[in-house]
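All heavy atoms count here, side chains included; hydrogens, waters and symmetry mates do not.
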Amino acid sequence: IWLAADNGLYRYNGKAYEHFKHPLEKGNAVFGVFEDDKARVWCNNISGQFFYVENGKMELFIDLFEQLKGQLREFIVTPNELVVFTSDNIIRVDLETKSISEQFDQPKLVGNIQRHENGYAHLVGDFIKHRDRNFKTIDSFYIGSSSKFTKQFGLTGTVGVALNEKIKFLYFNGKGVINIYTYGIKGHKLSRLKIPKPLKSRKINYIFNQNSKFWILTDLGIFICNYHNGALKLEQRLFKKDYTTKIIVDHEENFWLATKGNGIKIMPNIHVSQFNIPSSQLNISAIEKVDDSTVITGTKQGVGSILHVRK
C-alpha cells in the first residue's frame, strides 16, 4: 500500500515502510496518490510539483507552480495525459512532450473528480461530465446554471459526484449543511435527496461505493448508507470520533482507512460491529455464543449478561 504523508511518500509491504524522496522536492508533505496504467505511482505537493515512482525511484515529472499558484489540486493520469483540476479550469499535460494546455478560455466552476469502475465523473460549468479512462466524454448532464451553487446555496468548498448502478448524485457544503441532489433523471433536473439527520452538519471528504452502498467519509466517522425511495438510509456508522479521509480495499479484501491525525486503520472484516455495554459489564472474562443473534458474557466481577446482537 502507498501512503502520502506530511513527511513524504511511503510504500508499506505489510512488514516495513520504504520512504521515497526527490532531491528537488519542495517541502516534505505529499498528497493525491494515483497509480497509472503503467503501474507508476504518482503524487503531488502544495508547491505544484508532480512526481511518480518507477523502478523503485522517485522522478519529478513537472512543476506547475506558475499555473496552480500554491493551490493543492486533485489530478488523474490517463494513458496520455496528466489532468489537473483547479477550482475554475482543467490543466492537461502531455506525458510525452510535457506540453501544457488549459481546457477553458474563461473560468468555469470545476468540481472534485470521482473515479469509478468505468472512468470518471465530475462537475464542470453547468454540466456533470461522465468520462472514460482516457478522459473522453461519454455522457453530459445539464444541471442548470452553476452560479446558483454559489449564490442560492452559499457554496463552500467544491462540488463532488458519487454514483452506482441505482443512483447518481452531486453533493456540496452550503450554508453550514450538506446538500445532496440526484441528477440524470426526470429530464436532467436536479432533485434534492433526503439524507440522515446526523449527516447534515458533517463535512464530506470522500464517498466510496461498496456493494451498492455508499460509504460517506466525514469529519466525524463513516456513514454507510443505502439508497431507497428517494432517500439515503443510514445502515451503520463507524469510527465516530475520527476525521476520515480515504478508504481503499486491497486484494485480500482488507479495508484500509486513512484518518487525519489518527493514522491508518485496517478493517479485516467489514461485518465486525461494535456494541456499547454498561460500565458494570466491562472487564469481560468469558463469552459464549447462544445462537446467531445472542451471546452471553461474564465479567471478572461475576456479572453475567445477555447481549442481543441483532434487533
Side-chain angles (χ1 to χ4, degrees), residues 1-20 28-35 39 41-46 53 72-76 112-117 120-121 157-158 160-164 169 171-173 178 180 195-196 198-227 232-276 309:
I1 186 170
W2 292 83
L3 305 171
D6 58 3
N7 60 346
L9 181 67
Y10 290 85
R11 179 170 59 189
Y12 179 61
N13 64 6
K15 295 181 180 179
Y17 291 92
E18 183 179 4
H19 185 220
F20 291 86
N28 294 319
V30 296
F31 306 85
V33 175
F34 187 99
E35 184 177 7
V41 175
W42 295 67
C43 64
N44 65 335
N45 62 23
I46 202 167
V53 174
L72 178 65
R73 307 310 307 178
E74 285 189 302
F75 70 92
I76 64 171
N112 291 338
I113 187 75
Q114 174 71 23
R115 193 176 187 180
H116 58 85
E117 184 178 354
Y120 307 94
T158 52
V161 177
L163 66 157
N164 63 17
F169 63 80
Y171 61 91
F172 56 91
N173 283 80
I178 292 294
I180 300 182
I195 63 176
L199 180 60
K200 289 183 178 180
S201 59
R202 301 275 49 89
K203 178 183 182 296
I204 296 179
N205 298 316
Y206 182 72
I207 295 184
F208 172 72
N209 184 29
Q210 172 70 15
N211 295 332
S212 300
K213 296 179 182 179
F214 292 109
W215 290 44
I216 303 175
L217 278 65
T218 75
D219 55 336
L220 284 178
I222 303 174
F223 293 76
I224 301 177
C225 299
N226 195 14
Y227 174 73
L232 287 179
K233 303 292 185 180
L234 180 61
E235 294 192 355
Q236 191 176 6
R237 192 172 171 186
L238 304 173
F239 305 105
K240 294 181 180 180
K241 296 182 179 180
D242 286 313
Y243 191 110
T244 56
T245 58
K246 190 72 177 288
I247 191 167
I248 62 171
V249 184
D250 66 22
H251 66 284
E252 294 181 347
E253 297 188 354
N254 296 307
F255 286 65
W256 296 71
L257 173 66
T259 69
K260 183 178 179 180
N262 205 15
I264 301 292
K265 300 189 176 186
I266 305 174
M267 293 182 288
N269 189 328
I270 63 172
H271 301 292
V272 173
S273 298
Q274 178 177 318
F275 298 92
N276 294 320
V309 297

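- Taking CD1 of Ile204 as the reference point, atom CZ of Phe172 lies at 10.5 Å (rounded to 0.5 Å).
- In this structure, CE in Met267 is found 6.5 Å from CZ in Phe255, a value given to the nearest 0.5 Å.
- Inter-residue side-chain proximity for Val41 and Phe20 is flagged as unmet; no heavy-atom pair is nearer than 4.5 Å.
- With hydrogens and angles disregarded, a donor-acceptor distance shorter than 3.5 Å links the side chain of Thr218 to the backbone of Leu220.
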message: Applying side-chain contact (heavy atoms from CB on, under 4.5 Å) to Ile1 and Asp250, what does each step give before you reach the verdict?
response: CA-CA 8 Å; Ile1 186 170; Asp250 66 22; over 6 Å; no
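- Applying the side chain to side chain contact (heavy atoms under 4.5 Å, CB included) test between Ile216 and each of Leu232, Leu234, Ile178 identifies Leu232 as the sole match.
- Residues Arg237 and Pro198 come closest through the heavy atom pair NH1-CB, 4.1 Å.
- Of all non-hydrogen atoms in Ala29 and Asn45, the two that sit nearest each other are O-CB, 3.4 Å.
- A distance of 5.0 Å separates CG in Leu163 from NE2 in His116, rounded to the nearest 0.5 Å.
- Once rounded to the nearest 0.5 Å, the distance linking SG of Cys225 with NZ of Lys233 reads 10.5 Å.
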task: Could you walk me through whether Phe169 and Phe214 pass ring pair (Phe, Tyr, Trp, His ring centres under 6.0 Å), step by step?
output: CA-CA 11 Å; Phe169 63 80; Phe214 292 109; 5.0 Å; yes
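- For Asn44 (side chain) and Arg73 (main-chain N/O), a donor-acceptor pair under 3.5 Å exists by modelled atom type.
- The distance from atom CH2 of Trp215 to atom CD of Gln236, rounded to the nearest 0.5 Å, is 7.0 Å.
- Between Tyr206 and the options Ile247, Asn112, Thr245, a side chain to side chain contact (heavy atoms under 4.5 Å, CB included) holds for only Ile247.
- With hydrogens and angles ignored, the 3.5 Å screen pairs a side-chain donor or acceptor of Asn13 with a backbone N or O of Lys15.
- Ile207 and Ala162 get closest at one heavy-atom pair: CG2-CB, 3.8 Å.
- Using a 4.5 Å heavy-atom threshold, the side chains of Tyr227 and Asn164 count as separate.
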- request: Given side-chain contact (heavy atoms from CB on, under 4.5 Å), test Thr244 with Phe208 step by step and report yes or no.
  value: CA-CA 12 Å; Thr244 56; Phe208 172 72; over 6 Å; no
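- With sequence neighbours excluded, no residue satisfies salt bridge (Lys or Arg N to Asp or Glu O under 4.0 Å) with Glu35.
- Atom CD1 of Ile248 and atom CG of Asn254 lie 10.0 Å apart (nearest 0.5 Å).
- Between Leu217 and Lys246 the shortest heavy-atom distance is CD2-N, 3.3 Å.
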task: Quick one: do Phe239 and Thr259 satisfy side-chain contact (heavy atoms from CB on, under 4.5 Å)? Show the steps, please.
output: CA-CA 10 Å; Phe239 305 105; Thr259 69; over 6 Å; no
message: With side-chain contact (heavy atoms from CB on, under 4.5 Å) as the criterion, how do Ile76 and Arg115 come out once you've worked through the C-alpha distance, each side chain's angles and the decisive distance to 0.1 Å?
response: CA-CA 9 Å; Ile76 64 171; Arg115 193 176 187 180; 6.0 Å; no
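- Closest approach of Val33 to Ala4, counting heavy atoms only: CG2-CB, 3.6 Å.
- The side chain to side chain donor-acceptor pair (under 3.5 Å) check on Asn262 picks up Asp242, with sequence neighbours excluded.
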